[in-house]
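Below is one structure, written out as structure tokens, with a few remarks after it.
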Amino acid sequence: MQQGVGTQLARGQYGVAWQLGFIPRLLQTPDYARAVAVGAGSWEDPSEIDPFVEARLARQERLRSEHPLELWAVIHEGALRQLVGGRDVMRDQLGHLLDAARTDTVKVQVVPSLAGANPGMIGAFGIVSFTEPGALDVVHMDVPSSTLWLESEEDAARHRRSFDRIARVGLAERNALDLMETIRKEM
């Protein structure tokens with residue numbers, strides 16, 4: 001039986017991400033992040049997009065720091081096939097995702113479109129966990145006007161259980177890498 005999120009990523013600060021429609025933020029290339037921001041259409045002033053993308057990329061440094069954040073990302077196959085920014089942007093994005101998945105601190109799984117009904121159909125979310133004594137896990141979800149943050153232990157436990165069930169219907173890491181490479185070549 002597959003171990004749950006709490007036992008697989010317990011060496012330090014870690015995060016998990018379940019995404020339906022796009023590549024998780026911590027794994028996006030600059031061009032992909034820009035295309036997502038433009039596609040969202042929520043910017044009144046287009047000059048705000050580049051600082052937004054720069055801030056997103058700065059947060060990615062947590063994956064490469066001296067004590068890196070460990071990340072377990074489960075991504076729906078549709079997000080890998082969604083043509084965000086065009087074929088070149090997607091090809092680069094998938095290459096970047098593959099490179100990240102081959103590191104020691106990032107685990108990537110893919111839930112195939114044929115997986116059927118699962119708890120992830122309700123919506124995307126992430127969980128950030130901290131190793132400091134007394135620190136609570138924090139769940140975050142995007143809503144149209146902002147990001148919703150849930151800071152109760154009950155919410156975190158419920159979302160950890162959902163994440164574990166979603167991960168169980170996902171492809172094994174090796175198979176996920178093979179699928180990402182196949183999709184990349186199709187681009």
Side-chain angles (χ1 to χ4, degrees), residues 2-30 32-34 36-37 40 42 51-76 78-80 84 93 96-111 118-171 173 176 180:
Q2 184 173 355
Q3 292 177 316
V5 66
T7 55
Q8 284 205 357
L9 297 173
R11 293 191 302 254
Q13 182 181 353
Y14 67 87
V16 299
W18 159 241
Q19 276 300 336
L20 286 159
F22 55 84
I23 305 301
R25 291 175 178 86
L26 287 174
L27 300 172
Q28 293 178 0
T29 64
Y32 183 92
R34 189 172 292 101
V36 168
S42 57
F52 166 80
V53 171
E54 290 168 15
R56 178 162 291 173
L57 297 177
R59 284 191 289 278
Q60 292 179 5
E61 289 302 314
R62 286 290 294 126
L63 296 173
R64 295 178 287 280
S65 68
E66 184 178 342
H67 301 288
L69 172 76
E70 294 181 63
L71 178 64
W72 182 358
V74 181
I75 307 166
H76 191 274
L80 303 175
V84 174
Q93 176 59 64
H96 179 73
L97 185 59
L98 284 160
D99 290 344
R102 292 179 178 121
T103 67
D104 292 336
T105 57
V106 176
K107 175 180 180 171
V108 177
Q109 285 183 270
V110 176
V111 173
N118 65 74
M121 294 169 54
I122 294 170
F125 62 89
I127 306 170
V128 179
S129 295
F130 304 91
T131 58
E132 293 83 11
L136 293 175
D137 290 354
V138 179
V139 178
H140 56 91
M141 297 175 284
D142 290 325
V143 295
S145 60
S146 66
T147 299
L148 177 64
W149 297 90
L150 306 175
E151 298 181 359
S152 77
E153 187 51 44
E154 296 89 28
D155 286 325
R158 185 177 309 111
H159 283 83
R160 279 192 303 271
R161 286 189 302 272
S162 289
F163 184 85
D164 288 341
R165 289 192 303 271
I166 296 164
R168 279 196 290 275
V169 299
L171 299 173
E173 287 176 84
M180 287 186 281

Taking [Y]'s backbone N and O only, do any of them form a donor-acceptor pair with [X]'s side chain (distance below 3.5 Å, no angle check)?
X	Y	value
Gln28	Ile23	yes
Trp18	Gly120	yes
Gln109	Ala176	no
Gln19	Ala124	no

How about Leu26 and Val106: do any of their side-chain heavy atoms sit closer than 4.5 Å?
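Side-chain contact under 4.5 Å: no.
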Is any side-chain heavy atom of Leu150 closer than 4.5 Å to a side-chain heavy atom of Met141?
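With C-beta onward as the side chain, the pair touches.
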For the [atom1] atom of [X] and the [atom2] atom of [Y], what is their distance to the nearest 0.5 Å?
X	Y	atom1	atom2	value
Gln60	Thr29	CD	OG1	8.5 Å
His67	Thr105	NE2	OG1	13.5 Å
Asn118	Arg165	CG	CZ	10.0 Å
Leu20	Met121	CG	CE	9.0 Å
Leu27	Leu71	CG	CG	5.0 Å
Met180	Leu98	CE	CG	5.0 Å

Give me the ring orientation class for His159 and Phe125: parallel if the planes are under 30° apart, tilted from 30 to 60°, perpendicular past 60°.
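Because their plane-to-plane angle is over 60°, the rings of His159 and Phe125 count as perpendicular.
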Would you say that more than 12 heavy atoms from the other residues, nucleotides or ligands in this model lie under 6.0 Å from the CD1 of Ile122, or not?
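No - once you tally the heavy atoms of other residues, nucleotides and ligands closer than 6.0 Å, there are 12 at most.
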Provide the closest heavy-atom pair for [X] versus [Y] in the form atom of the first, atom of the second, distance.
X	Y	value
Leu57	Pro30	CD1-CG, 3.5 Å
Ala73	Pro24	CB-CG, 4.0 Å
Gly15	Leu69	N-CD1, 3.7 Å
Glu151	Val138	CG-CG1, 4.2 Å
Phe163	Ala17	CE1-O, 3.6 Å

If a pair satisfies salt bridge (Lys or Arg N to Asp or Glu O under 4.0 Å) and one of its residues is in residues 134-148, list it, with sequence neighbours excluded.
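Checked against salt bridge (Lys or Arg N to Asp or Glu O under 4.0 Å) - neighbours excluded - the pairs reaching residues 134-148 are Arg25-Asp142, Asp137-Arg160.
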For His76, give me all partners under ring-ring contact (aromatic ring centres under 6.0 Å, His included), at least two apart in sequence or on another chain.
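Partners of His76 by the ring-ring contact (aromatic ring centres under 6.0 Å, His included) criterion come out as none, since no residue qualifies.
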Would Glu153 and Leu136 count as a side chain to side chain contact (heavy atoms under 4.5 Å, CB included) if you check the C-alpha gap in whole Å, the side-chain angles of each, and the deciding distance to 0.1 Å?
CA-CA 7 Å; Glu153 187 51 44; Leu136 293 175; 4.0 Å; yes
Might you work through the side chain to side chain contact (heavy atoms under 4.5 Å, CB included) test for Leu63 and Thr103, ending with a clear yes or no?
CA-CA 10 Å; Leu63 296 173; Thr103 67; over 6 Å; no
All side-chain hydrogen bond (donor to acceptor under 3.5 Å, both in side chains) counterparts of Glu154, not counting sequence neighbours:
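For Glu154 there are no side-chain hydrogen bond (donor to acceptor under 3.5 Å, both in side chains) partners, ignoring immediate neighbours.
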Arg161 with Asp164: basic N within carboxylate O range, under 4.0 Å:
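Answer for the salt bridge query: no.
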